[in-house]
Protein chains: 2
Amino acid sequence: MLVHNPYASNCPTRMILDRVADKWAVLVLGLLIGAPVRFNQLRRAIEGISQKMLSQTLKSLERDGLVSRKAIATVPVTVEYAITPLGQTLAATLDALRIWAETHMEEVTASQQRYDANGMSGL
Amino acid sequence: MLVHNPYASNCPTRMILDRVADKWAVLVLGLLIGAPVRFNQLRRAIEGISQKMLSQTLKSLERDGLVSRKAIATVPVTVEYAITPLGQTLAATLDALRIWAETHMEEVTASQQRYDANGMSGL
DNA sequence: GATATCTAGTCACCATTGGAAACCACATGA
DNA sequence: TCATGTGGTTTCCAATGGTGACTAGATATC
């Protein structure tokens with residue numbers, strides 16, 4: 001039974017989908033499982049992310065209550081990001097996706113190659 | 001055991017993540033579960049999608065082997081899109097996400113309101 | 001007979017988004 | 001004195017996404 005209809009643009013479910021449909025958020029959340037991590041640690045760990053996007057992503061995740069931010073008054077101020085219990089439940093769900101990707105990656109790649117080859121002659 | 005490292009930018013897993021991190025793809029896939037649907041049916045069902053994005057999304061999904069395209073030679077040519085077995089397995093995984101969204105939507109919304117209120121005075 | 005409509009898209013245009021790099025302030029080390 | 005590390009913000013540019021016009025052929029309407 002569908003309580004909410006994600007196909008209506010005003011549905012809050014769709015808002016959450018928009019958040020989840022953010023590859024950086026997914027990667028950040030995945031890294032925070034287990035232990036809190038600092039800003040530049042995250043930046044170095046996630047290949048290809050820019051400071052701007054990391055900052056933006058963390059801000060959104062904090063606003064959504066999926067990640068908590070803790071500034072420590074050390075010499076250069078240290079900021080630690082940790083996953084919240086709510087974030088943990090989402091991360092667990094997203095892990096299923098990571099597993100799907102690992103399992104079916106080859107099938108998808110094969111399909112792409114078939115498509116690219118056929119597209120030239122077939123269609 | 002992590003065979004692939006999604007945090008490396010060249011990892012194929014990340015490529016799949018990019019695909020999944022597309023809200024339109026998720027919505028289209030969700031609609032195709034059960035029965036094949038025509039182009040304009042999809043367009044009408046998904047509030048807010050443009051023809052361009054629908055066309056683009058369907059093309060990507062077909063290339064990835066998640067959706068199949070069948071043109072029927074009727075009076076105005078009809079094109080039916082159906083989910084493939086591979087697409088079914090992904091759709092099932094994504095359904096867990098939809099359920100998470102429905103379950104935790106209120107917590108997220110509450111957190112956002114707290115954040116927006118505190119942000120003014122607190123920080 | 002001319003016009004509007006339905007089918008499934010494509011194309012040109014513009015706004016928003018994302019990425020690269022500079023910059024901030026402060027402290028340490030060479 | 002200049003480079004490095006901390007955690008970001010700001011600016012600029014390229015790429016992405018959305019809007020609306022357009023194609024083409026047959027049917028329906030005026």
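So that the names make sense, note that chain A is the first sequence line, chain B the second, and so on, each numbered from 1.
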**Report entry** Whole angstrom value for the distance that separates C1' of D/dG8 from CD of A/Glu62
**Finding:** 13 Å
Query raised in the report: Under the ring-ring contact (aromatic ring centres under 6.0 Å, His included) rule, what pairs show up with a residue in residues 64-85 of chain A, not counting sequence neighbours?
Result: none
Query raised in the report: Quick one: side-chain contact (heavy atoms from CB on, under 4.5 Å) partners of B/Ala110, sequence neighbours excluded?
Result: B/Arg114
Could you pull out every donor-acceptor pair under 3.5 Å between side chains of residues 49-59 of chain A and any protein atom, sequence neighbours left out?
unit_1, atom_1, unit_2, atom_2, d
A/Ser50, OG, A/Met53, N, 3.3
A/Thr57, OG1, A/Met53, O, 2.6

Query raised in the report: Of all residues at least two apart in sequence or in a different chain, which pass the ring pair (Phe, Tyr, Trp, His ring centres under 6.0 Å) check with A/Trp100?
Result: A/His104
Requested in this report: Give every residue pair that meets the salt bridge (Lys or Arg N to Asp or Glu O under 4.0 Å) criterion with at least one member in residues 84-93 of chain B, sequence neighbours excluded.
Outcome: none
Query raised in the report: Can you give one letter per nucleotide of nucleotides 2-20 of chain C, going 5' to 3': B for a protein heavy atom under 4.0 Å from the base, S for sugar-phosphate only, - for none?
Result: -----BSBBBB-----BBB
Query - B/Val37 side chain reached by B/Glu80 side chain, heavy atoms, under 4.5 Å - result: no
Solution key, residues 70-77 of chain A side-chain donor-acceptor pairs under 3.5 Å, sequence neighbours excluded:
unit_1, atom_1, unit_2, atom_2, d
A/Thr74, OG1, A/Pro76, O, 2.9
A/Thr74, OG1, A/Thr78, N, 3.3
A/Thr74, OG1, A/Thr78, OG1, 2.6

Requested in this report: With sequence neighbours excluded, tell me which residues meet side-chain contact (heavy atoms from CB on, under 4.5 Å) with A/Gln113.
Outcome: A/Thr109
**Report entry** Divergence of helical axes at both termini of the helix from C/dG1-D/dC30 to C/dA30-D/dT1 - five pairs an end, 10° steps
**Finding:** 30°
Query raised in the report: A/Leu42 CG to D/dT6 C1': how many Å, rounded?
Result: 14 Å
